[in-house]
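As structure tokens, the structure follows; a few thoughts come after it.
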Amino acid sequence: MDQELAKARGFKGEISVPPDKSISHRAVMLASLSEGKSVVRNFLMAEDPISTMNAMKMLGTEIKEENHGEITIKGRGLYGLKEPLDVINCNNSGTTIRLISGILAGNPFFSVLTGDSSLRQRPVARIINPLKDMGADISGRNENKYPPIAIKGRRLNAINYTMPVASAQIKSCLILAALYADGTTVITEPFKSRDHTERMLASTGVEIEVNGFTIKVNGQGPSRGLNAFDITIPADFSSAAFFIVAATIIPNSEILIKNVGINPTRTGLLEVIREMGASVRLEDIRDVSGEPVANIYCKTADCLKAAKISEETIPSLIDEFPALCVLATQAEGITEIRGAEELRVKETDRIKAMMLGLKKLGAEVKQYHDGVAIKGKAALKGSHVESYGDHRIAMSLSIAALVAEGTTTINNASCVNVSFPGFYEELKGLTF
Ligand code: S3P
């Protein structure tokens with residue numbers, strides 16, 4: 001499906017964006033490993049978390065979909081999962097394949113994980129190598145580089161591991177595997193990535209110690225179960241980010257986004273965008289199920305100036321890179337984003353995809369191996385652009401379309417369903 005979008009005169013309204021994708025994945029996985037019934041409210045019914053839900057069902061978990069995004073999960077305990085009868089298809093979801101691999105490495109049966117053509121080109125040596133260090137029997141296609149992944153689970157041993165890249169998927173995979181290990185696993189990351197797994201695991205009663213960039217988790221013997229939990233998932237900051245950028249760069253804009261997760265490991269964009277001159281305010285900050293939540297008010301910026309973003313900031317805005325590139329086209333001066341090589345191994349090469357898209361719309365851009373330089377303020381002009389089947393590229397280019405003269409067509413636009421079903425309807429509802 002192609003999507004056509006015209007230049008906007010303004011952008012106004014009060015909105016809710018979909019529930020958090022990262023937290024939705026983790027809620028289904030941890031509830032499945034818990035003892036008893038968990039209730040997950042405001043679960044994200046989008047393609048990615050549905051892949052996790054289906055995977056956990058194949059492993060024997062009973063999941064019931066109630067009304068209004070509420071699901072109930074009957075946990076099977078850490079040692080109660082069963083061997084799947086078929087290959088588990090994680091579709092487009094990197095979080096599903098990497099986190100579930102950690103669980104399966106410790107479960108005594110055979111399983112195979114695969115995905116769509118994008119996921120089958122994404123690196124998994126980053127989880128296979130440390131899991132092998134823990135004693136796992138795990139292998140992947142092309143000398144352990146890519147999915148499919150085959151696992152024959154067994155009891156693991158604890159390791160002391162320093163991660164080469166800051167990645168919540170690697171960290172969470174190892175934390176989950178550590179539950180099945182003898183002894184204490186120690187994981188250190190170079191910079192802090194999102195910490196939803198650590199927070200949620202603590203709420204199930206597991207002792208998990210976080211000290212700066214280092215995490216310590218004890219293996220849980222068969223007698224030490226995880227407690228079931230009730231959780232309400234906040235709206236996804238990474239989905240809100242598209243609207244924050246839109247309101248900042250479109251004239252005559254004023255929006256309020258309700259109940260958004262503002263976990264500091266996720267909100268690097270807020271600091272950067274404010275430094276660039278945006279007008280964003282957090283209202284009614286509160287705690288919901290162990291995560292900080294707020295309403296986000298945002299209006300057109302009076303004047304935007306370029307920024308320099310480097311390696312240490314990247315993990316806290318990893319998924320906001322495409323939206324930030326759009327923002328940079330409307331800021332006076334040259335915005336440089338470096339230390340962002342990880343963006344090359346997302347659902348698509350997001351550095352390349354954004355540079356090609358923005359160039360097509362008339363922006364002056366330069367690509368580095370680890371980032372970009374974008375010159376603003378650019379007068380964008382509507383064109384045909386390519387999403388590469390990547391939800392965040394499609395949504396970012398849609399925001400660029402709203403400030404581009406004329407009409408822009410985004411191809412393969414339905415990929416937004418991975419994280420944000422209804423994105424275009426929501427966008428059009430705010431645009432005038
Ligand atoms: C995620 C972690 C990040 C992020 C992805 C979701 C998670 O990936 O880009 O969208 O839920 O743990 P990396 O861990 O590969 O950086």
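Worth saying up front: this structure is predicted, and the values here are computed from it rather than measured. Values reported hereafter were calculated over all heavy atoms of this structure, with side chains retained and with hydrogens, waters and symmetry mates removed.
- Relative ring orientation between Phe243 and Phe11 is described as parallel, the plane-to-plane angle staying below 30° on a 0-90° scale split at 30° and 60°.
- We find that Lys7 and Glu405 are joined by a salt bridge, their nearest charged nitrogen and carboxylate oxygen being less than 4.0 Å apart.
- One N or O on the side chain of Arg286 and one on the backbone of Asp284 form a donor-acceptor pair closer than 3.5 Å.
- No donor-acceptor pair closer than 3.5 Å links the side chain of Ser93 to the backbone N or O of Ser51.
- A donor-acceptor pair is defined here as one N or O able to donate and one able to accept, closer than 3.5 Å; no such pair exists between the side chain of Ser172 and the backbone of Leu99.
- At a threshold of 4.5 Å between non-hydrogen side-chain atoms, the residues Ser101 and Ile103 do not count as touching.
- Under the 3.5 Å distance criterion, the side-chain polar atoms of Glu254 are left unmatched by any main-chain donor or acceptor of Asn252.
- Residues Ile257 and Ile244 form a side-chain contact, since some pair of their non-hydrogen atoms from C-beta on lies under 4.5 Å apart.
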Anything under 3.5 Å between a donor and an acceptor, one on a side chain of residues 355-367, the other on a protein residue two or more places apart or in another chain? List them.
from, atom 1, to, atom 2, distance (Å)
Lys360, NZ, His384, O, 2.8
Gln367, OE1, Arg344, NH1, 3.3
Gln367, OE1, Arg344, NH2, 3.0

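- The two residues Thr408 and Gly382 make their nearest non-hydrogen contact at OG1-CA, 3.2 Å.
- Residue Lys192 places its NZ atom among more than 12 non-hydrogen atoms of other residues, nucleotides or ligands, all under 6.0 Å distant.
- The environment of Lys381 atom NZ is sparse: at most 12 non-hydrogen atoms of other residues, nucleotides or ligands sit within 6.0 angstrom.
- Counted within 6.0 Å of NZ on Lys216, heavy atoms from surrounding residues, nucleotides or ligands total 12 or fewer; the atom is thus considered open.
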- request: Take Leu176 and Leu30 through the test side-chain contact (heavy atoms from CB on, under 4.5 Å) and record every step on the way to the result.
  value: CA-CA 9 Å; Leu176 292 168; Leu30 290 185; 3.7 Å; yes
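- Counting heavy atoms of neighbouring residues, nucleotides and ligands inside a 6.0 Å radius, atom CD of Glu207 does not exceed 12 of them.
- Residues Thr96 and Asn91 are not in side-chain contact: their nearest non-hydrogen atoms beyond the backbone lie 4.5 Å or more apart.
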task: Would you please test Leu59 and Met56 for side-chain contact (heavy atoms from CB on, under 4.5 Å) and show each step?
output: CA-CA 5 Å; Leu59 294 166; Met56 296 319 296; 4.1 Å; yes
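- Side chains of Asn92 and Arg122: no donor on one and acceptor on the other come within 3.5 Å.
- For the pair Asp370 (side chain) and Gly339 (backbone), a donor-acceptor distance under 3.5 Å is present.
- Taking all atoms of both residues into account, the shortest heavy-atom contact from Val293 to Pro234 is CG2-CB, 3.6 Å.
- Note: Lys308 NZ to Thr313 OG1 = 13.0 Å, rounded to the nearest 0.5 Å.
- Under a 3.5 Å cut-off, the side chain of Thr300 and the backbone N or O of Ile250 do form a donor-acceptor pair.
- Without hydrogens or angle criteria, Asn42 side chain to Thr232 main chain gives no donor-acceptor distance under 3.5 Å.
- The backbone N or O of Ala307 lies less than 3.5 Å from a partner atom in the side chain of Thr335, making a donor-acceptor pair.
- Within 6.0 Å of CD on Glu143 lie no more than 12 heavy atoms contributed by other residues, nucleotides or ligands.
- No donor-acceptor pair under 3.5 Å is formed between the side chain of Ser396 and the backbone N or O of Ile393.
- Side-chain contact check for Tyr388 versus Asp349: every heavy-atom pair is 4.5 Å or farther apart.
- The shortest side-chain heavy-atom distance between Val17 and Phe420 falls under the 4.5 Å cut-off.
- Counted within 6.0 Å of CG on Asn211, heavy atoms from surrounding residues, nucleotides or ligands total 12 or fewer; the atom is thus considered open.
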field: Intermediate values then yes/no, side-chain hydrogen bond (donor to acceptor under 3.5 Å, both in side chains), Arg126 and Ser167
entry: CA-CA 10 Å; Arg126 51 183 55 201; Ser167 156; 4.6 Å; no
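- A heavy-atom distance below 4.5 Å is not found between the side chains of Arg154 and Tyr180.
- Within 6.0 Å of atom CZ in Arg9, 12 or fewer heavy atoms from other residues, nucleotides or ligands are found, so the atom counts as exposed in its surroundings.
- Annotation for Ser238 and Glu320: closest pair OG-OE2, 2.8 Å, computed over non-hydrogen atoms.
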- request: Decide side-chain contact (heavy atoms from CB on, under 4.5 Å) for Val87 and Met58; before the verdict, give the C-alpha distance in whole Å, the side-chain angles of both, and the deciding distance to 0.1 Å.
  value: CA-CA 9 Å; Val87 171; Met58 285 180 76; over 6 Å; no
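- One distance of note links OG1 of Thr52 with CZ of Arg26; it measures 9.5 Å at 0.5 Å rounding.
- Salt-bridge check for Asp319 with Arg350: passed, with a basic side-chain N closer than 4.0 Å to an acidic carboxylate O.
- From Ser398, atom OG reaches atom OH of Tyr424 across 4.0 Å, with rounding to the nearest 0.5 Å.
- Atom-to-atom distance recorded for Thr431:OG1 and Glu426:CD is 10.0 Å, nearest 0.5 angstrom.
- In this structure, Asp20 does not pair ionically with Arg194, as no charged nitrogen and carboxylate oxygen lie closer than 4.0 Å.
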Check residues 133-141 and write down every donor-acceptor pair under 3.5 Å in which the side-chain atom is one partner and the other belongs to a residue at least two apart or another chain.
from, atom 1, to, atom 2, distance (Å)
Arg141, NE, Pro147, O, 3.0
Arg141, NH2, Arg120, O, 2.6

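- Using a 4.5 Å heavy-atom cutoff, the side chains of Asn157 and Ile159 are in contact.
- Evaluation of the side chain to side chain donor-acceptor pair (under 3.5 Å) rule for Thr61 yields Ser32 as partners, not counting sequence neighbours.
- Closest approach of Arg199 to Pro292, counting heavy atoms only: NH1-CD, 3.5 Å.
- The pair Arg266-Glu291 fails the salt-bridge criterion, with no side-chain N (NZ, NE, NH1 or NH2) lying under 4.0 Å from an Asp/Glu carboxylate O.
- Taken to the nearest 0.5 Å, the OG1 atom of Thr265 stands 4.0 Å off from the CG atom of Asp195.
- Looking at Ile231 and Ile23, their side chains come closer than 4.5 Å, going by heavy atoms from C-beta outward.
- A salt bridge is defined here as a Lys NZ or Arg NE, NH1 or NH2 lying under 4.0 Å from an Asp or Glu carboxylate O, and Lys57 with Glu65 meets this definition.
- Enclosure of atom NZ in Lys377 is not indicated, since only 12 or fewer non-hydrogen atoms of other residues, nucleotides or ligands lie within 6.0 angstrom.
- Here the side chain of Gln330 pairs no donor or acceptor atom with the backbone of Val326 at under 3.5 angstrom.
- Put simply, the residue from Glu347, Lys21, His391 that forms a side chain to side chain donor-acceptor pair (under 3.5 Å) with Ser419 is His391.
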message: Using side-chain contact (heavy atoms from CB on, under 4.5 Å), reason through Met45 and Ile71 one step at a time and then give a plain yes or no.
response: CA-CA 10 Å; Met45 282 295 176; Ile71 58 173; 3.7 Å; yes
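- Residues Asn129 and Asn144 bring no donor and acceptor atom of their side chains to less than 3.5 Å of each other.
- In this structure, the separation between CZ on Arg98 and CD1 on Ile149 is 8.5 Å, given to the nearest 0.5 Å.
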